[in-house]
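Note that the structure is predicted; figures quoted are calculated from it, not measured. The first residue in the sequence is number 1, and the count goes up from there.
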Amino acid sequence: MRRSQVTVAVATLLAAAVAVVPGAVRGPTVADEQVFVVGQAIYAADDDDAQYAGAAAPTEDTACSDSSYAIKTWRVTGVYNWYYNGDGAPPAVASTALAAITSSGDTVGKGLNRCGLANSFTTSYKYAGTSTAKPQVAADLTCTGNDGKSVTGWGALPPKVLAYTCTFFNAKGVVIASDALIDNVVYTWFTSKPANCAGQLYDLETTMTHERLHTAGLAHVDQVRNAAQTMTPSSAPCDTSRRLLGAGDYAGLKAAGTVK
């Protein structure tokens with residue numbers, strides 16, 4: 001799949017947009033509180049795409065020797081309850097997508113990693129059931145408003161964008177809701193890697209572990225220097241190596257205050 005550099009640039013600019021919206025009243029003690037929202041993406045790496053040339057499997061496995069991370073100003077505290085809207089799920093993963101997405105949340109909530117580090121995290125990413133509500137993410141990467149409900153679902157996104165998360169948080173940096181939209185138009189998904197995986201096939205679990213790390217407050221690291229970390233900006237076709245956290249991803253969650 002070949003995309004022009006102009007298209008990639010537009011998608012990147014959109015993904016970097018930050019909006020500030022007035023928040024709904026969450027309780028009697030925060031009636032005057034604002035709610036902020038930030039949108040973040042994970043991108044698809046095409047073979048001919050120089051921007052994400054480092055998305056291919058690195059020649060050296062630095063997953064556990066590289067402790068680099070980048071964090072934002074918000075964090076998940078306690079339990080992050082999320083709902084799933086399966087409308088529009090691609091047939092190839094319709095029956096298995098929920099389990100893969102749930103596994104991604106468990107990875108981030110528990111700190112499951114590739115490096116033998118202790119699973120000492122105190123947050124929980126809890127599947128709370130199905131919902132007819134849609135993720136508050138528009139096809140142009142606009143975060144459309146805070147309904148107070150965290151929903152993961154499917155829909156159209158711009159070329160190069162595999163998934164997009166809009167995270168709503170208060171002035172104290174606590175996440176109120178975080179919605180994720182997964183592309184169901186351009187890209188093809190799997191939850192179990194095909195034996196002869198080839199072409200533009202992307203791993204749903206890897207993608208959603210990345211997006212749940214955005215919910216937790218982690219930002220992108222460098223695509224080339226930190227190639228083995230889950231928080232590299234893009235994912236290569238057929239790659240499942242980043243399903244679990246690398247040392248940098250783990251360190252970032254510690255820095256965000258999500259462990260004992």
Is there a donor-acceptor pair closer than 3.5 Å between any side-chain N or O of [X] and the backbone N or O of [Y]?
| X | Y | value |
| --- | --- | --- |
| Lys160 | Ala44 | yes |
| Asp239 | Arg242 | no |
| Asp249 | Thr230 | yes |
| Ser131 | Ala133 | yes |
| Gln229 | Asp66 | yes |
| Gln136 | Asn146 | no |
| Asn184 | Pro90 | no |

Next on the checklist: Check Asp203 with Lys193, please: is the shortest side-chain N to carboxylate O separation under 4.0 Å?
Outcome noted: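 The answer is no: the pair does not qualify as a salt bridge.
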Atom pair [atom1] ([X]) and [atom2] ([Y]), whose distance is rounded to the nearest 0.5 Å:
| X | Y | atom1 | atom2 | result |
| --- | --- | --- | --- | --- |
| Cys166 | His214 | SG | NE2 | 11.0 Å |
| Ser178 | Trp74 | OG | CH2 | 8.5 Å |
| Tyr125 | Ser104 | OH | OG | 11.5 Å |
| Ser234 | Leu162 | OG | CG | 8.5 Å |
| Lys172 | Thr77 | NZ | OG1 | 10.5 Å |
| Gln200 | Tyr187 | CD | OH | 7.0 Å |

Given side chains that start at C-beta, do those of [X] and [Y] come closer than 4.5 Å, heavy atoms only?
| X | Y | answer |
| --- | --- | --- |
| Trp189 | Leu201 | no |
| Tyr164 | Ile42 | no |
| Val137 | Thr144 | no |
| Phe169 | Ile176 | no |
| Phe168 | Val175 | no |
| Asp140 | Leu157 | no |
| Phe190 | Cys197 | yes |
| Leu213 | Leu245 | yes |

Checklist entry - Stepwise, does the side chain to side chain contact (heavy atoms under 4.5 Å, CB included) test hold for Asp183 with Val161? => result CA-CA 7 Å; Asp183 175 77; Val161 181; over 6 Å; no
Checklist entry - Any luck finding a side-chain donor-acceptor pair between Arg212 and Thr152 under 3.5 Å? => result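 Looking only at side-chain atoms, Thr152 and Arg212 do form a donor-acceptor pair, the distance falling under 3.5 Å.
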Next on the checklist: Would you say Thr191 and Glu205 are linked by a side-chain donor-acceptor pair, where the criterion is simply a distance under 3.5 Å?
Outcome noted: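 No, because no side-chain N or O of Glu205 sits under 3.5 Å from a partner of the opposite role on Thr191.
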Looking at [X] and [Y], what are the two nearest heavy atoms and their distance?
| X | Y | value |
| --- | --- | --- |
| Ala247 | Cys115 | N-SG, 3.8 Å |
| Ala45 | Ala236 | CB-CA, 4.1 Å |
| Gly148 | Ala177 | C-CB, 4.1 Å |
| Ala256 | Ala216 | CB-O, 4.2 Å |
| Ala228 | Ala63 | CB-N, 3.4 Å |
| Ala139 | Pro158 | O-CD, 3.2 Å |

Between [X] and [Y], is there a shared hydrophobic cluster once you connect ILVMFWY residues whose side-chain heavy atoms come closer than 4.5 Å?
| X | Y | answer |
| --- | --- | --- |
| Leu181 | Tyr83 | no |
| Val37 | Val151 | no |
| Val185 | Val93 | yes |

Checklist entry - Can you list the steps and then say if Thr73 with Val38 is a side chain to side chain contact (heavy atoms under 4.5 Å, CB included)? => result CA-CA 10 Å; Thr73 58; Val38 173; over 6 Å; no
Checklist entry - Which word best sums up how the rings of Tyr127 and Trp82 line up, parallel for under 30°, tilted for 30 to 60°, or perpendicular for over 60°? => result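 Rings of Tyr127 and Trp82: tilted, 30 to 60°.
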Item to check | Parallel, tilted or perpendicular: rings of His210 and His220 (30°, 60°) | outcome: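 It falls in the tilted class, 30° to 60°.
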Checklist entry - Checking side chain to side chain contact (heavy atoms under 4.5 Å, CB included) for the pair Ser192/Thr96: CA distance, chi angles, key distance, verdict? => result CA-CA 9 Å; Ser192 294; Thr96 57; over 6 Å; no
Next on the checklist: side chain to side chain donor-acceptor pair (under 3.5 Å), that's the test. Do Gln40 and Thr167 meet it? Break it down for me.
Outcome noted: CA-CA 8 Å; Gln40 296 172 289; Thr167 300; 5.2 Å; no
Item to check | Derivation and outcome, side chain to side chain contact (heavy atoms under 4.5 Å, CB included), residues Ser120 and Tyr250 | outcome: CA-CA 10 Å; Ser120 57; Tyr250 187 93; 3.5 Å; yes
Item to check | Sequence-distant partners of Ala99, side-chain contact (heavy atoms from CB on, under 4.5 Å), two or more places apart | outcome: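 Partners of Ala99 under the side-chain contact (heavy atoms from CB on, under 4.5 Å) test: none.
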Next on the checklist: Here's a test for you: under side-chain contact (heavy atoms from CB on, under 4.5 Å), which of Thr209, Leu244, Leu117 qualifies with Leu112?
Outcome noted: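 Passing option: Leu244.
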Checklist entry - Can you check side chain to side chain donor-acceptor pair (under 3.5 Å) on Arg75 and Thr215, steps first, answer last? => result CA-CA 8 Å; Arg75 65 193 185 281; Thr215 293; over 6 Å; no
